[in-house]
**Student:** 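Here it is, the structure in full.
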Number of protein chains: 2
Amino acid sequence: MQRRTVNRTLRFPDRPHPRRAGENRRWEGVKRAAVRLADVAAQAQVSLATASRVLNSQGGYTGRPALRERVLAAAAELGYEPNFHAQALASATSTTIGLVLHDIRDAYFALMAGAIVRTAEAHGLFVTIVCTYRDPSQELKYVKLLRAQRPRAIIMAGSGFINRSAFEPIETELTRFEETGGVVVSVVGDRGVGHRIVLENESGSRELAHTLADLGHTRFAVATGPARLTTARDRLKGFRLGLQDRGLELPKGSVHHVDMTREGGLRLAELIAAQPERPTCVFAAFDVVAAGLIAGLQQNGVDVPGEVSVAGFGDIPLAAQITPALSTVSVPLELIGQQAVELAMVEDSSIRRSISIDGTVVMRASTAPVPARVAAHDG
Amino acid sequence: MQRRTVNRTLRFPDRPHPRRAGENRRWEGVKRAAVRLADVAAQAQVSLATASRVLNSQGGYTGRPALRERVLAAAAELGYEPNFHAQALASATSTTIGLVLHDIRDAYFALMAGAIVRTAEAHGLFVTIVCTYRDPSQELKYVKLLRAQRPRAIIMAGSGFINRSAFEPIETELTRFEETGGVVVSVVGDRGVGHRIVLENESGSRELAHTLADLGHTRFAVATGPARLTTARDRLKGFRLGLQDRGLELPKGSVHHVDMTREGGLRLAELIAAQPERPTCVFAAFDVVAAGLIAGLQQNGVDVPGEVSVAGFGDIPLAAQITPALSTVSVPLELIGQQAVELAMVEDSSIRRSISIDGTVVMRASTAPVPARVAAHDG
DNA sequence: CTGAAAGCGCTTACAG
DNA sequence: CTGAAAGCGCTTACAG
């Protein structure tokens with residue numbers, strides 16, 4: 001198929017070579033300089049100010065209609081698109097939101113990011129996404145770079161780090177950003193800065209523990225994430241509390257800190273499958289891990305939920321699609337994303353807002369009452 | 001938990017109220033103006049130029065070490081972060097890549113975006129993501145807005161539209177962007193503009209058709225996407241050609257244009273389950289649809305692959321995780337994302353580059369040889 | 001090597 | 001209502 005050729009007949013501004021200093025505009029090859037507001041104004045035979053007013057006050061221009069028409073026509077003919085950076089610099093406003101998250105490839109973050117991008121679009125804002133891969137030094141680096149972009153807001157998504165000292169320089173950056181009029185929103189993990197959307201991890205996994213205990217299980221194991229993440233800690237803590245509420249506890253050696261990936265679950269499954277006295281129920285603090293766990297147990301000939309029940313946390317789309325479908329704590333990611341942007345839009349930053357979001361226990365096929373013989377064996 | 005209080009003891013520039021005109025800097029409330037290079041230069045007692053040189057030529061500064069130290073110290077103390085917009089305006093360079101895709105919540109795009117964000121980061125570039133939800137008018141709107149950002153490159157990801165007229169205004173925008181030195185990369189769908197990464201949809205589904213035909217299937221159906229998308233068209237076309245290669249053809253009424261979602265697959269499953277003479281093999285041009293199809297067939301009591309084999313296209317992570325695991329055409333999304341950014345980095349835009357990417361047929365458990373009784377019934 | 005100054009492309013008080 | 005001009009915060013040729 002032949003590539004289409006470019007229409008080069010349009011009248012483009014035929015400016016002479018720019019002035020001595022500041023020779024920044026590229027004229028190499030066929031490249032032409034981008035159309036400027038000045039070019040539009042010249043073609044429309046109006047002043048810069050008028051051109052700017054016509055183009056910016058959409059519909060609300062109160063001047064002579066003739067001028068308005070000329071400006072609009074010139075802009076359309078020249079294919080004018082304002083220089084965002086010049087606008088931002090001159091008006092000290094920004095239409096960008098910076099989004100800092102752990103890993104966009106993770107469905108959990110992809111969904112949250114999707115909601116944030118969509119809500120932002122509805123407000124006429126752009127989202128610049130950076131991924132930190134759960135590395136505080138990367139997080140610091142990107143927050144700094146993002147700050148240079150002078151976004152309207154920076155949304156920090158995902159779990160925070162337990163080690164406050166690692167976060168201190170990041171906090172300093174965010175505080176500076178706030179002091180200069182930026183909005184900081186901390187989503188789903190408290191960071192001690194800015195507005196917060198708090199996901200009630202603890203109460204979510206606590207309630208899940210109740211539900212599982214009420215199925216008759218007494219021997220539990222937990223797969224949680226790296227110990228340095230607050231989310232991993234809180235979900236574990238809530239689960240432990242929930243068991244305590246039922247007079248149960250997690251035996252020593254039953255808490256496993258694994259990679260927050262499918263592979264983490266697969267590896268743990270081998271370990272559990274090989275145990276002489278297996279738990280009858282495993283709680284994985286992250287759905288991806290739970291999915292790996294189920295697959296791994298099955299591969300090792302362990303029936304889920306016949307021999308071992310598995311529950312997760314997050315309710316990513318995958319949860320409902322695997323076999324058996326995963327019992328989990330559902331997190332309203334869409335809502336969280338929306339709320340995050342709404343907080344980012346709040347003008348008055350003198351008040352820190354905090355929104356609490358609850359998870360919902362959703363029971364599916366991956367959990368079942370404790371197997372009779374195990375219960376008997378136990379008793 | 002008590003929120004931490006902010007350290008307000010740092011020495012910040014104590015500038016007087018700015019000049020008459022251009023009063024843009026906000027001083028409301030506790031807000032202070034952002035630290036400028038001029039503030040750093042003043043504190044370090046050097047000129048603006050020197051401060052700029054020290055901060056920009058990392059390590060390569062050849063001037064007096066004393067000056068360098070003073071500038072660095074001042075920048076650190078004041079928490080200076082350069083104004084990205086001023087830099088972009090003054091130097092006519094940009095560190096941003098614009099990414100236009102259909103829907104970030106779709107795993108296919110999330111993976112591609114992940115690879116693009118990661119590769120861009122390695123090159124010191126930011127990615128701004130916009131989603132069009134497969135609406136050409138949205139696409140036009142966002143390409144325009146993106147152009148205002150003066151990014152280094154715009155990556156258009158996902159299928160193109162068959163209707164060229166809908167794409168014409170978008171093409172005009174992209175062409176103008178290119179003419180002013182921007183790089184356009186069209187990923188996985190030809191758009192007649194810029195560099196291209198071409199996914200060989202046709203040959204991929206053709207090869208899949210061969211493989212399925214060789215399992216003995218003769219009665220096929222196809223679930224493809226909206227007729228206006230080139231990807232939907234090409235995958236269907238390739239599959240049809242592949243069947244032809246084996247002397248087979250798609251019966252009338254066996255091609256279904258469905259939503260490219262799980263729901264699209266679920267709905268189609270009901271229809272197929274109710275057919276008096278079902279196909280023995282269904283090809284869904286998108287994995288999410290295939291997954292919905294399998295779940296839907298199972299819900300309607302149809303055994304997969306015992307009664308009906310199902311194959312997809314894409315090999316998103318979900319494919320390997322459902323039961324039965326999905327046979328599909330694997331697309332190297334990570335590689336595609338990487339290559340897209342590499343193309344975006346190419347300085348010389350006089351040559352259009354085109355990279356061809358092949359899919360790989362991966363057979364899993366969702367497809368099986370045609371059931372014996374069906375074969376007999378057929379013969 | 002260092003600094004004074006022009007320029008990047010806009011917006012917006014200030015005059016007329 | 002409209003325009004001339006200053007200013008946003010940088011970079012970078014040009015002089016010294």
Side-chain angles (χ1 to χ4, degrees), chain A residues 13 15 17-26 33-42 44-57 60-68 70-71 75 78 80-95 148-150 180-181, chain B residues 13 15 17-26 33-42 44-57 60-68 70-71 75 78 80-95 148-150 180-181:
Chain A
R15 297 198 290 288
H17 203 85
R19 290 90 358 223
R20 196 183 52 95
E23 168 43 287
N24 295 322
R25 325 201 83 217
R26 304 214 191 131
V35 177
R36 303 165 307 177
L37 184 58
D39 301 317
V40 174
Q45 311 207 58
V46 299
S47 71
L48 251 185
T50 298
S52 172
R53 289 188 190 111
V54 168
L55 262 19
N56 289 325
S57 55
Y61 176 73
T62 50
R64 286 160 53 199
L67 296 194
R68 180 168 185 279
R70 294 212 309 263
V71 171
L78 299 176
Y80 172 71
E81 205 56 49
N83 185 318
F84 178 79
H85 298 118
Q87 285 184 319
L89 191 57
S91 65
T93 61
S94 167
T95 55
Q149 295 231 38
R150 303 288 189 270
T180 57
Chain B
R15 298 198 291 286
H17 204 85
R19 290 89 2 220
R20 198 182 49 97
E23 170 41 287
N24 294 323
R25 326 200 84 217
R26 303 209 193 135
V35 177
R36 303 165 306 178
L37 184 58
D39 301 317
V40 174
Q45 312 208 59
V46 299
S47 70
L48 251 185
T50 298
S52 172
R53 288 186 190 113
V54 168
L55 261 21
N56 289 325
S57 56
Y61 176 75
T62 50
R64 284 159 54 199
L67 297 194
R68 180 167 184 278
R70 295 214 306 263
V71 171
L78 298 176
Y80 172 71
E81 206 56 49
N83 184 317
F84 180 78
H85 297 118
Q87 284 185 320
L89 190 58
S91 65
T93 61
S94 166
T95 55
Q149 295 232 37
R150 303 289 189 271
T180 56

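As the structure is a prediction and not an experimental result, all values here were calculated from the model. In what follows, every chain begins at residue 1, and chains take the letters A, B, ... in the order their sequences are listed.
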**Student:** Once you measure the plane-to-plane angle for B/H85 and A/H85, does it fall in the parallel (<30°), tilted (30-60°) or perpendicular (>60°) bin?
**Tutor:**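 Plane angle between 30° and 60°, so tilted.
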**Student:** With a 4.5 Å cut-off on side-chain heavy atoms, are B/L78 and B/V40 touching?
**Tutor:**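 Yes, their side chains come closer than 4.5 Å.
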**Student:** Could you check how far CZ of B/R70 sits from P of C/dC1, rounded to whole Å?
**Tutor:**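 Taking CZ of B/R70 and P of C/dC1, I get 17 Å after rounding.
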**Student:** Does A/S91 make a side-chain N or O approach to OP1 or OP2 of C/dT11 shorter than 4.0 Å?
**Tutor:**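 No, outside the criterion.
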**Student:** Taking the side chain as every heavy atom from C-beta outward, state whether B/N56 and B/Q87 have any pair of such atoms under 4.5 Å apart.
**Tutor:**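 B/N56 vs B/Q87: side chains touch.
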**Student:** Would you please name every residue forming a side chain to side chain donor-acceptor pair (under 3.5 Å) with B/S94, sequence neighbours left out?
**Tutor:**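 Partners of B/S94 by the side chain to side chain donor-acceptor pair (under 3.5 Å) criterion come out as none, since no residue qualifies.
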**Student:** Assign each of B/S52 and A/L48 to its nearest nucleotide of DNA chain D by heavy atoms, then name whichever residue's nucleotide is nearer the 5' end.
**Tutor:**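 Its nearest nucleotide lies further toward 5', so the answer is A/L48.
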**Student:** Give the rounded distance in Å between these two atoms: CG of A/N83 and C1' of C/dC10.
**Tutor:**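 In whole Å, C/dC10 C1' and A/N83 CG are 7 Å from each other.
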**Student:** Of B/L67 and B/A86, whose closest DNA chain C nucleotide lies nearer the 5' terminus?
**Tutor:**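 Taking each residue's closest nucleotide, the earlier one in sequence belongs to B/L67.
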**Student:** Please determine if a side-chain N or O atom of B/Y80 lies less than 4.0 Å away from the OP1 or OP2 oxygen of D/dC10.
**Tutor:**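 For D/dC10, OP1 or OP2 has a side-chain N or O of B/Y80 closer than 4.0 Å.
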**Student:** Counting C-beta onward and ignoring hydrogens, is there a side-chain heavy-atom pair between B/N83 and A/L89 closer than 4.5 Å?
**Tutor:**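 Yes, close enough: below the 4.5 Å cut-off.
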**Student:** Check whether any side-chain N or O of A/T50 sits under 4.0 Å from OP1 or OP2 of D/dG3, and answer yes or no.
**Tutor:**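 Answer is yes, contact under 4.0 Å.
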**Student:** Find the distance A/R68:CZ to D/dT2:P and express it as a whole number of Å.
**Tutor:**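 Going from CZ in A/R68 over to P in D/dT2 covers 12 Å.
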**Student:** How close do B/Q45 and B/R70 get, counting heavy atoms only, and between which atoms?
**Tutor:**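 The answer is O-NH2, 3.2 Å.
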**Student:** Take the protein atom NE2 of B/H85 and the nucleotide atom C1' of C/dT11, then report the distance between them rounded to whole Å.
**Tutor:**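 Interatomic distance, NE2 of B/H85 to C1' of C/dT11: 15 Å.
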**Student:** What is the distance, rounded to the nearest whole Å, between atom CD of B/E81 and atom C1' of D/dC10?
**Tutor:**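 So the CD-C1' distance, B/E81 to D/dC10, works out to 14 Å.
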**Student:** What is the nucleic acid contact for A/F84, judged by heavy atoms within less than 4.0 Å: base, sugar-phosphate only, or nothing?
**Tutor:**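 Contact class for A/F84: none.
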**Student:** When you get a sec, tell me which of D/dA4, C/dG9, D/dC10 is the closest nucleotide to the side chain of A/A49?
**Tutor:**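 For the A/A49 side chain, the nearest candidate turns out to be D/dA4.
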**Student:** Between B/S52 and B/L37, which heavy-atom pair has the shortest distance, and what is it?
**Tutor:**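 Minimum heavy-atom contact is CB-CD2, 3.8 Å.
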**Student:** Which nucleotide, C/dG7, C/dG9, C/dT11, lies nearest any side-chain atom of A/L89?
**Tutor:**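 Selected nucleotide (nearest to the side chain): C/dG9.
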**Student:** From C/dC1, C/dC10, D/dC10, pick the nucleotide closest to the side chain of A/L37?
**Tutor:**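 From the listed options, C/dC10 comes nearest.
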**Student:** How is the base pairing of DNA chain D summarised as a dot-bracket string, given the Watson-Crick and G-U wobble criteria with both distances under 3.5 Å, [ ] for crossing and | for another strand?
**Tutor:** |||.||||||||.|||
**Student:** Within this structure, what is the CD-to-P distance between A/Q87 and C/dT11, rounded to whole angstrom?
**Tutor:**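 Atom CD in A/Q87 sits about 5 Å away from atom P in C/dT11.
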**Student:** Let me know the distance between CZ of A/R53 and P of D/dG3, rounded to the nearest Å.
**Tutor:**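 Taking CZ of A/R53 and P of D/dG3, I get 9 Å after rounding.
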**Student:** Rounded to the nearest Å, what distance is computed from the CZ atom of residue A/R36 to the P atom of nucleotide C/dG7?
**Tutor:**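 After rounding, the reported distance stands at 12 Å.
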